[in-house]
Participant: 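Next up is a structure, given as structure tokens.
Letters A, B, ... mirror the listed sequences (proteins, then strands); counts begin at 1. Because only heavy atoms are used, hydrogens play no part in the values below, and waters and symmetry mates are left out as well, while side chains stay in.
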Amino acid sequence: MILPIGPIHPALKEPIRLKLKTRGEKVLSAEIDYGYVHRGIEKIMEGKTWQKGIFLAERVCGICSYIHTQTFAETFEKIAGETAPPRAQYLRILTNELDRIQSHLIANSTYFKALEHETLFMNMLALREPVMDAIELLTGNRVNMGWNVVGGVKMDAKQSHLDAILKIINGLESNYERYVEMFEHGPLLGLRSKDVGKMSKEDAIKGRAVGPTGRASGLKHDWREDHPTYRDNIDFNVIWRKGGDNFARTMNRFDEVRESMKIIKQVIENIPEGDVRKKIDMPAGYADWRNEAPRGEVSYMIKTNGNLIQNVSIRTPSIMNIDACAKYMLQDVATVADAVATYTSCDPCIACAERVVILDESGKKQDFHGIHNVKYGQEGS
Amino acid sequence: MTVINSVIAVIGTFLVAFFIALWLPGLERKFVQARIQQRVGPPVSSPGFMAPIKFFFKETIKPESPMPRLYNALPIISILSVAFILLFMMPQMYTFAAFAGLIAVVGLLKIEEVIYMFMGSLSKSVLSLKMPFPDIVKGAKHPDAPRSFLEELSTKRAFRMIAFGSFPLYIALFVPVVMAKSLYLSDIVAYQQVHGPVLFTLAGVLGAVVFFVGYMVLLNEYPFSILKAKADVIEGPLLEYASKSRAYVYISRGFLMVVLASLFSTLFLGIPPNIFDWHSIVTLIVVLVFPVIMAAVSAFSPIFTYRQFYPVVLGSSILGVLAIVATFI
């Protein structure tokens with residue numbers, strides 16, 4: 001039998017259809033249908049200036065909206081051959097890590113909701129709230145921050161703001177461990193999470209899993225290691241595990257929050273003085289840029305004529321993680337409830353994932369900046 | 001005069017039980033779960049009292065069901081079966097010996113359980129029915145696979161619950177029976193008036209623990225709420241209930257909480273529900289304490305799948321059997 005979960009279902013944050021092929025309670029395989037919230041953001045961006053495009057980039061994702069503006073801005077900075085001033089770079093890291101914390105906490109809260117552990121679900125949201133306050137303190141907004149511009153960030157942060165953020169992080173740190181312990185050592189939660197939805201390292205590579213989902217399966221890769229500001233100024237560890245199950249994915253996020261708190265402290269301690277924005281003359285050109293979003297690698301490929309955006313391709317982490325989840329995690333799952341929990345454990349973001357792939361049936365080689373020229377129907381002919 | 005007194009006692013007890021039943025869900029949600037989760041929680045009257053009133057005034061919607069009238073009648077049947085248990089637990093009704101016995105109680109509880117199967121079979125929710133399926137246009141791989149409804153899965157779960165899920169409760173019910181050597185409630189109560197409450201024996205303690213597990217299973221409370229798990233089957237068999245029918249569902253659950261706790265009080269403490277007997281204050285305490293403990297347990301538990309459910313039921317059943325064996329010691 002095929003059991004449909006979604007597109008409207010309380011276990012799903014966003015509309016998607018999860019089709020589970022079942023025999024009794026056992027889930028044999030899964031298939032995922034997209035297409036319910038496609039908005040065509042890349043197409044809308046075409047012909048607009050970067051000043052307008054950056055607001056659209058922010059709306060690709062409702063949870064990790066920040067990293068999209070940073071990646072968008074850094075792609076343009078790469079085209080111009082410039083970098084943001086050092087203070088702006090530090091402020092970007094600060095915002096990125098605050099965003100990562102809130103994203104991971106909401107991801108784990110959703111997972112606990114899928115397990116129907118209401119207490120931890122509520123606790124995660126309660127932990128997230130001060131972090132959202134910190135983001136609001138820094139940028140003026142909670143979700144769509146409008147914080148990044150090409151060449152830096154919009155406003156400087158006062159020392160009193162940074163002190164307040166540090167206080168929030170210290171407060172979070174003092175409460176954090178007991179909630180992590182509740183999950184890590186809770187026997188019932190362990191029973192529901194360990195050895196459920198396993199994905200091996202090999203499968204993670206084949207499924208192109210990224211971010212905490214990939215790292216929980218043993219892929220020790222984090223784009224922050226290659227980002228110049230992180231690489232040159234910040235001391236941090238890439239969190240990874242070998243488990244590959246729901247427990248590993250959730251714990252990986254918990255540990256990454258801890259690492260993010262460490263990074264935030266370093267940033268506030270070492271943030272240099274100076275400008276937060278510089279004027280950039282934009283030439284015509286093409287560039288791509290990758291960053292580590294909370295869910296994994298996000299990449300932007302942008303072509304501009306110096307004034308207007310000619311072409312944009314965005315690749316978000318969720319599309320790869322959801323694909324890996326359907327192909328490898330949701331095979332031979334013991335129960336439907338475990339399948340839903342497994343799907344939730346890979347932190348899917350459907351608004352992110354709703355991108356268009358051009359299936360070029362003409363057979364002619366066309367330039368779509370490398371990722372979209374899928375020659376449909378050409379293989380084997 | 002005696003007959004009139006009995007009628008007043010039965011009606012009075014029934015009304016008091018009904019009134020308490022309306023407040024128990026609020027007590028559970030507001031004062032236990034919300035406190036554990038460090039939030040304010042709903043007004044205490046909201047989940048059990050105001051919500052049914054609200055639903056009584058909602059527009060009546062025809063459920064997506066092949067037999068909508070039968071589907072809407074099921075919650076009323078559920079309330080009736082639970083009400084009959086309460087009725088025959090009262091001392092004034094012990095003259096109806098055939099009904100005031102454990103066999104009748106078990107039978108009525110089984111009706112309550114079987115109703116979930118009927119509900120699940122008769123509910124065909126819009127959430128899985130109305131969307132084109134399978135999505136051949138989008139290149140789905142299973143064009144020939146028969147489609148299933150979320151409620152069908154809950155029906156299968158309800159069947160398993162009947163088959164083994166509620167087993168611990170029924171074993172626990174027979175601990176006082178073995179001790180009193182009678183299936184009749186009157187004999188079980190009389191036995192305890194002479195020998196003291198069953199609860200104060202080793203067998204009674206073990207039986208009480210098993211009874212409580214069964215109480216949670218029968219009420220479909222976390223972690224045993226697999227029948228209506230929001231993560232997959234959403235509300236399961238109850239998915240299509242709206243307006244008055246949903247109000248009956250709410251009332252039925254609250255009422256079942258009272259009745260099961262009263263049953264415990266009758267079987268393990270020898271105090272049947274009766275407003276003319278001041279000992280019934282103990283029954284009231286049991287009625288209030290059971291949901292509090294249940295809410296505390298459920299606040300710290302994720303929902304069980306069969307992998308966790310089987311061992312818990314097996315363990316509880318073994319404990320129940322040990323309790324029965326302990327009655328002979």
Participant: Taking salt bridge (charged side-chain N to carboxylate O under 4.0 Å, His left out) as the test, write out the residues that go with E173(A), two or more places apart.
Facilitator: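 Per chain and number, E173(A) pairs via salt bridge (charged side-chain N to carboxylate O under 4.0 Å, His left out) with K265(A).
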Participant: For atom CZ of F159(B), decide whether the heavy atoms of other residues, nucleotides or ligands shown that lie under 6.0 angstrom number more than 12.
Facilitator: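 No, the 6.0 Å shell around CZ holds no more than 12 heavy atoms from other groups.
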Participant: Non-hydrogen atoms of chain A under 4.5 Å away: do they reach the side chain of Y222(B), the backbone, both or neither?
Facilitator: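 Just its side chain gets close to chain A.
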Participant: Within a radius of less than 6.0 Å around CZ of R178(A), do more than 12 heavy atoms belonging to other residues, nucleotides or ligands occur?
Facilitator: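 Counting other residues, nucleotides and ligands, CZ of R178(A) exceeds 12 neighbours.
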Participant: If you draw a 6.0 Å radius around NZ in K110(B), do more than 12 non-hydrogen atoms from other residues or ligands fall strictly inside?
Facilitator: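 Yes, the 6.0 Å shell around NZ holds more than 12 heavy atoms from other groups.
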Participant: Search all heavy atoms of A231(B) against all heavy atoms of A114(A) and return the closest pair with its distance.
Facilitator: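 Taking A231(B) first and A114(A) second, the nearest heavy atoms are CB-O, 3.1 Å.
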Participant: Need one label for L191(A): side chain, backbone, both or neither, based on atoms under 4.5 Å from any heavy atom in chain B.
Facilitator: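 For L191(A), the contact with chain B is made by backbone and side chain together.
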Participant: Contact between R157(B) and V336(A) at the side-chain level, heavy atoms closer than 4.5 Å - yes or no?
Facilitator: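 Result yes, sub-4.5 Å side-chain heavy-atom pair found.
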Participant: What is the distance from atom CD1 of I226(B) to atom OG1 of T335(A), rounded to the nearest 0.5 Å?
Facilitator: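 Here the interatomic distance stands at 6.5 Å.
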Participant: What do you reckon, is CZ of F118(B) surrounded by more than 12 foreign heavy atoms closer than 6.0 Å?
Facilitator: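 No, the 6.0 Å shell around CZ holds no more than 12 heavy atoms from other groups.
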Participant: Would you say F167(B) has more than 12 foreign heavy atoms packed within less than 6.0 Å of its CZ?
Facilitator: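 Counting other residues, nucleotides and ligands, CZ of F167(B) stays at 12 neighbours or fewer.
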Participant: Is the shortest side-chain heavy-atom distance between E116(A) and P302(B) below 4.5 Å?
Facilitator: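 Side-chain contact under 4.5 Å: no.
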Participant: Checking heavy atoms, do the side chain of A126(A), its backbone, both or neither come under 4.5 Å from chain B?
Facilitator: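 Interface part for A126(A): neither.
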Participant: Just give me the residue among T119(A), L12(A), L18(A), L115(A) that pairs up with chain B most often, heavy atom to heavy atom, under 4.5 Å.
Facilitator: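 Between T119(A), L12(A), L18(A), L115(A), the count favours T119(A).
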Participant: Are T305(B) and R192(A) close enough that some pair of their side-chain heavy atoms sits under 4.5 Å apart?
Facilitator: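 Side chain of T305(B) against side chain of R192(A), heavy atoms only: contact under 4.5 Å found.
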Participant: Measuring from atom CD of Q37(B) to atom CG of L120(A), what distance do you get when rounded to the nearest 0.5 angstrom?
Facilitator: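 Interatomic distance, Q37(B) CD to L120(A) CG, rounded to 0.5 Å: 9.5 Å.
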Participant: Please give me the minimum heavy-atom distance between H9(A) and D232(B), naming the atom from each residue.
Facilitator: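 Heavy-atom minimum between the residues: NE2-O, 2.7 Å.
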Participant: Return the CZ to CG distance between R307(B) and D338(A), rounded to the nearest 0.5 Å.
Facilitator: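 Reported to 0.5 Å precision, the distance equals 5.0 Å.
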Participant: Counting N and O atoms only, with roles assigned by atom type, does the side chain of H117(A) sit under 3.5 Å from a partner on the main chain of F300(B), one being a donor and the other an acceptor?
Facilitator: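 Present.
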